[in-house]
Amino acid sequence: MGLTKKIVLAMIAGIAVGLISNLLNTSQLLGPGLTGFINNYLTNGLFDIVGRIFIASLKLMVVPLVLVSLICGACALSEGSRVGVLAGKTLLLYLLTTAAAITLALVLALVIQPGVGMEHLAGDASFEAQPSPPLSEVLVNIFPTNPVDAMAKGNMLQIIVFALLMGYAISRSGKPGQRIAGFFNDLNEVILRMVGVLMVFAPYGVFALLATKIAQLGFDAIPQLAKYFGVVLLALLLHALGVYPLLLKLLSGLSPLKLIKKMRPAMVFAFSTASSAATIPVTLQTVEKRLGVDNKVASFTIPLGATINMDGTAIMQGVATVFISQLYGIDIGLVGYLSVILTATLASIGTAGVPGVGLIMLAMVLQQVGLPLEGIAIVMGVDRLLDMVRTAVNITGDSVVSTIVAKSEGALNEQTFNDDNYNSVVADGRDGTTAS
């Protein structure tokens with residue numbers, strides 16, 4: 001059985017075990033003693049430990065992989081002076097997909113009206129918003145004063161800037177630069193092999209993560225917010241399976257079905273971890289090895305996308321804005337909804353790299369149109385469940401943008417993209433082919 005199938009089976013098994021554990025915990029069907037044993041030694045014990053170790057291992061690879069891969073890519077890009085063009089295309093496409101995402105969410109929410117008849121939920125909610133940083137501060141903080149500190153803290157934007165500068169300098173340093181470039185290319189191969197070795201344990205990590213998460217969350221909050229939950233989920237699926245394929249077909253002429261099929265391993269990882277940053281090693285490898293995107297493009301577009309591409313979050317904000325406005329009986333009008341689109345799109349860059357960015361962005365949007373922030377506390381009940389789907393949507397967007405940009409730059413191996421039997425990224429750490 002291929003590793004991708006193992007991961008999918010592990011995901012299904014993890015969800016099933018998590019639901020059973022949650023059901024046993026809430027019903028006390030097995031008695032307090034046995035239920036306590038399951039909670040303490042399995043759900044919050046073994047499963048939690050394995051899941052956390054797996055996430056830590058993924059995060060371990062993020063900074064070295066992004067730094068080294070981007071330095072290699074910047075060296076190649078600098079030779080043709082394409083850095084500015086590449087950055088412009090990438091940024092424009094990420095803004096376009098985010099604007100499309102929130103527009104789709106607003107339209108669906110206005111048609112389905114998830115907040116109508118739910119006014120009773122508005123009673124006791126309270127929420128204290130964290131202040132959003134000024135745009136000037138965000139722009140200044142993109143440039144690192146200490147690259148080692150940026151790597152220690154995992155500040156992706158600062159790492160990207162440092163790696164681009166380093167790669168550019170290496171490409172302009174003659175023979176010394178060639179020797180350093182050779183070292184980084186060799187180091188890149190070693191790090192990629194480390195990722196391959198780590199993937200052997202992926203099914204166990206995915207199972208443990210989902211079993212723990214579902215056992216803790218359950219689906220208790222969904223019945224009350226079923227309509228809101230359903231609209232967000234529908235918008236996420238339409239964006240991932242409708243907007244992205246359309247964009248890919250129009251701008252590159254490539255097959256959307258092949259891209260979605262080849263991105264399945266990364267989507268499963270993103271779903272199970274609910275973290276675009278933790279999924280960077282898998283996304284980057286998948287885009288390069290399975291879609292055929294050249295490293296000089298992927299090494300820039302994927303880390304940048306993990307930081308600023310927030311289509312899933314934008315969809316949540318669009319639906320939540322309509323939901324909260326209907327909940328409190330406040331009509332913000334056409335101008336208000338246009339303001340939501342603009343604010344959320346720009347905020348995806350303006351709050352990049354800030355902890356808790358999703359809630360900060362939603363608070364900014366609600367403040368912009370005069371809606372009560374207390375509404376955030378209501379939708380938070382199901383937000384963590386939706387976060388897993390949002391992350392899978394986000395990394396799909398990263399792959400689509402990377403493929404479009406690579407095709408436009410002549411940096412896409414179309415034979416690899418169209419080859420259904422191409423070696424899977426989630427390989428077992430050995431040479432040769434692995435079925436997926």
Side-chain angles (χ1 to χ4, degrees), residues 91-119 121-122 125-139 225 227-236 238-239 242-243 246-247 308-352 354 356-380 383 386 390 393-394 397:
L91 198 58
L92 183 63
L93 280 171
Y94 280 141
L95 286 174
L96 176 65
T97 60
T98 302
I102 196 164
T103 303
L104 173 66
L106 287 173
V107 170
L108 280 177
L110 287 169
V111 171
I112 300 174
Q113 299 185 328
V116 174
M118 306 295 290
E119 291 78 8
L121 293 176
S126 62
F127 180 80
E128 186 175 340
Q130 297 295 318
S132 59
L135 181 58
S136 57
E137 184 181 328
V138 173
L139 291 174
L225 295 169
K227 211 170 180 183
Y228 166 79
F229 187 91
V231 174
V232 176
L233 198 57
L234 177 62
L236 288 168
L238 284 176
H239 191 65
V243 175
L246 182 63
L247 198 65
I308 71 168
N309 180 34
M310 301 179 188
D311 292 0
T313 304
I315 285 171
M316 178 272 288
Q317 291 163 357
V319 177
T321 301
V322 177
F323 178 75
I324 292 168
S325 71
Q326 292 169 351
L327 208 65
Y328 288 92
I330 302 171
D331 183 11
I332 62 174
L334 178 60
V335 175
Y337 290 121
L338 291 174
S339 177
V340 168
I341 295 171
L342 182 62
T343 304
T345 304
L346 295 179
S348 66
I349 292 179
T351 55
V354 180
V357 62
L359 292 179
I360 291 177
M361 285 174 65
L362 182 53
M364 287 173 63
V365 169
L366 295 181
Q367 285 174 333
Q368 180 69 26
V369 293
L371 291 174
L373 298 183
E374 288 77 16
I376 297 177
I378 299 170
V379 300
M380 279 176 65
D383 191 61
L386 290 167
R390 289 207 305 262
V393 170
N394 286 343

Over all heavy atoms of both residues, which pair between [X] and [Y] is shortest? Give the atoms and the distance, please.
X: Leu366; Y: Ile324; value: CD1-CD1, 3.8 Å
X: Asn394; Y: Gly312; value: OD1-N, 2.8 Å
X: Pro114; Y: Val231; value: CB-CG2, 4.1 Å
X: Ala105; Y: Ala235; value: CA-CB, 4.3 Å
X: Gln368; Y: Ser339; value: CG-OG, 3.1 Å
X: Ile102; Y: Ala344; value: CD1-CB, 3.1 Å

For the backbone of Gln317 and the side chain of Thr321, can you confirm whether one donor and one acceptor N or O come within less than 3.5 Å of each other?
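Yes; judged by distance alone, with no hydrogens or angles, the pair exists.
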Going by side chain to side chain donor-acceptor pair (under 3.5 Å), name the pairs with one or both residues in residues 98-116, residues two or more places apart or in two chains.
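Side chain to side chain donor-acceptor pair (under 3.5 Å) check on residues 98-116 returns Thr98-Asp311.
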After noting the C-alpha distance and the side-chain angles of Ile308 and Leu91, does the key distance pass the side-chain contact (heavy atoms from CB on, under 4.5 Å) rule?
CA-CA 9 Å; Ile308 71 168; Leu91 198 58; 3.4 Å; yes
Taking the side chain as every heavy atom from C-beta outward, state whether [X] and [Y] have any atom pair closer than 4.5 Å.
X: Ile330; Y: Pro372; result: yes
X: Thr97; Y: Val243; result: no
X: His239; Y: Ile315; result: yes
X: Arg390; Y: Leu236; result: yes

Looking at residues at least two apart in the chain, or sitting in another chain, which of them share a side-chain contact (heavy atoms from CB on, under 4.5 Å) with [X]?
X: Leu92; answer: none
X: Leu234; answer: Leu108, Ile112, Leu238
X: Leu110; answer: Val322, Tyr337

Could you check Thr343 against Val369 for side-chain contact (heavy atoms from CB on, under 4.5 Å), going step by step and ending with a plain yes or no?
CA-CA 10 Å; Thr343 304; Val369 293; over 6 Å; no
Could you tell me the separation between the CD1 atom of Ile378 and the CZ atom of Phe323, rounded to the nearest 0.5 Å?
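Between atom CD1 of Ile378 and atom CZ of Phe323 there are 6.0 Å.
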